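Structure first, commentary second.
Below, read A as the first sequence line, B as the second, and so on, with proteins coming before strands; counting in each chain starts at 1. A quick note: this is a predicted structure, and the numbers were derived from the prediction, not measured.
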Number of protein chains: 2
Amino acid sequence: MPTPPESSGQATEATTPTDASSASSSDALPTVKAIYTDGACSGNPGPGGWGTVLYFDDGSVHELGGRADQTTNNRMEMQAAIAGLQALIATGQTTPVELFTDSEYVKKGITQWISGWKRRDWQTSAKKPVLNKDLWQELDTVNQAAKQQTGAPIQWTYVRGHTGNVGNERCDEIARAFSQNQTISLKQHPQARHLNA
Amino acid sequence: MPTPPESSGQATEATTPTDASSASSSDALPTVKAIYTDGACSGNPGPGGWGTVLYFDDGSVHELGGRADQTTNNRMEMQAAIAGLQALIATGQTTPVELFTDSEYVKKGITQWISGWKRRDWQTSAKKPVLNKDLWQELDTVNQAAKQQTGAPIQWTYVRGHTGNVGNERCDEIARAFSQNQTISLKQHPQARHLNA
RNA sequence: GGACACCGUUUAUC
DNA sequence: GATAAACGGTGTCC
């Protein structure tokens, strides 16, 4: 089983169902209703992983994950969101989506703080350089592209971590598995294989 | 364990080694090479603490700390420096010393700004009264006395805070402990007990 | 306008 | 216990 490449949206060990149970035999993808994301990092900084799950309106799901050898918790949280939005964009979907994260850093960063950072040329309110600027810009790009394509801004929703939320727990599982280089079976939508970056 | 008195150079809970390991059995103090200082203040203004470490040329150290119920960060930074120079003077040492602080306020205040303040009768360049004049005058006095005694001006050196500098980090620990009224063991040089004001 | 420091808060990751 | 990051504020000076 190949290890997923560094820090890229990548699916490992798809369950390869013999047939799509809920998607009938059509080639059309169901609609993405929700995206869950989470990041993990052993040591922080240290080896990290991220997990993302797309929930479709027919009840099916598509799971993604990735890793980085040396990273931080916050970067992995961002990567998870970037991968989710990239996959969403790849579906060509034109209806709005809600994205769930347990990171206030990611949620507030993309919805509140980023406008100030642009205004101040990527300086924090304390006049220090904004960290993870590369990923913030990437996230900003896909966030705007998703808004454009779906006709509505991504609805960013914070969910408290480790409180039993099924979507969040599953992403946590995926993220942690990738961060520890463990193999994990990702549920992959048969009509969504092309979403794996 | 008694709480140290308000705002005085005071040692708590000396390690009371059975013997001075590196100072042999002589009564002579080793030479102070460096003095580190730091201040802390919960709330700012609020309860504050300061920490000072004298580093001797034989590798031994002598630590000091103190607190104030209601003060500011800058006053505590100044107190730490005053205590360090008072202790230096008490040793009777006649060789030059370097003093490290992470406060540009203290460093520039004593090395650059104070001459202008005296010239302008303790008015800032904006014609407002210089604050903390009491401590500036005290610091000026010990700074000059130390220069006189050691034969060279104190070398005031700025060190960036929280960047892993061992001396600075230790002073930070002491200052914060005193500001929060926590007990902390100060390493005390056996031949330097009299340095505790 | 600039600089340094000192806090307070929040979430996550270990 | 510690790190990763952001926000808000004060203490002080030039």
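The phosphate of C:rA3 (OP1 or OP2) has no side-chain N or O of A:Lys127 nearer than 4.0 angstrom. Between A:His162 and C:rA12 there is no side-chain N or O to OP1 or OP2 distance below 4.0 Å.
Both B:Tyr158 and B:Ala40 sit near RNA chain C, but only B:Tyr158 has its closest nucleotide nearer the 5' end.
Remark: P of C:rC6 and CZ of B:Phe178 are 17 Å apart, rounded to the nearest angstrom. In this structure, the CG atom of B:Asp102 is 17 Å from the P atom of C:rA3, given to the nearest Å. Counting to the nearest Å, the P atom of C:rC4 and the CZ atom of B:Phe100 are 19 Å from each other. Between A:Gln79 atom CD and C:rU13 atom P the separation is 16 Å, expressed in whole Å. Going from atom CZ of A:Arg176 over to atom P of C:rA12 covers 13 Å, rounded to whole Å. One interatomic measurement links the two molecules: CD of A:Gln70 to C1' of D:dT3, which rounds to 12 Å at whole-angstrom precision. Between the CE atom of A:Met78 and the C1' atom of C:rU11 there is a distance of 14 Å, rounded to whole Å. For A:Leu139 and D:dA6, the CG to C1' distance is 15 Å, given to the nearest whole Å.
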| task | Start with the C-alpha distance between B:Gln144 and B:Asp140, add both sets of side-chain angles, then the distance that settles side chain to side chain donor-acceptor pair (under 3.5 Å), and finish with yes or no. | result | CA-CA 6 Å; B:Gln144 288 185 40; B:Asp140 188 36; 3.0 Å; yes

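Note: A:Trp117 and A:Trp122 have tilted aromatic rings, judged against thresholds of 30 and 60 degrees for the angle between ring planes. The aromatic rings of B:Phe56 and B:His189 sit tilted relative to each other, their planes meeting at an angle between 30° and 60°.
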Going 5' to 3' through nucleotides 7-14 of chain D and flagging B where a protein heavy-atom sits under 4.0 Å of the base, S where only the sugar-phosphate is that close, and - otherwise, we get SS-BBSSS

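Between the A:Gln188 side chain and the A:Glu63 main chain, a donor and an acceptor come within less than 3.5 Å of each other. Put simply, the side chain of A:Thr37 gets close to the backbone of A:Phe100: a donor and an acceptor are under 3.5 Å apart. Looking only at distances, no side-chain donor or acceptor of A:Asn132 sits under 3.5 Å from a matching main-chain atom of A:Arg75.
As judged by a 4.0 angstrom heavy-atom cut-off over every strand, A:Gly39 is placed among residues touching the sugar-phosphate backbone only. Residue B:Lys107 is classed as having no contact, given no heavy-atom separation below 4.0 Å to the nucleic acid. A:Gly109 comes within contact range of no nucleotide atom at all, as no heavy-atom separation falls under 4.0 Å.
B:Thr72 and B:Asn74 share no donor-acceptor pair across their side chains, judged by distance under 3.5 Å alone.
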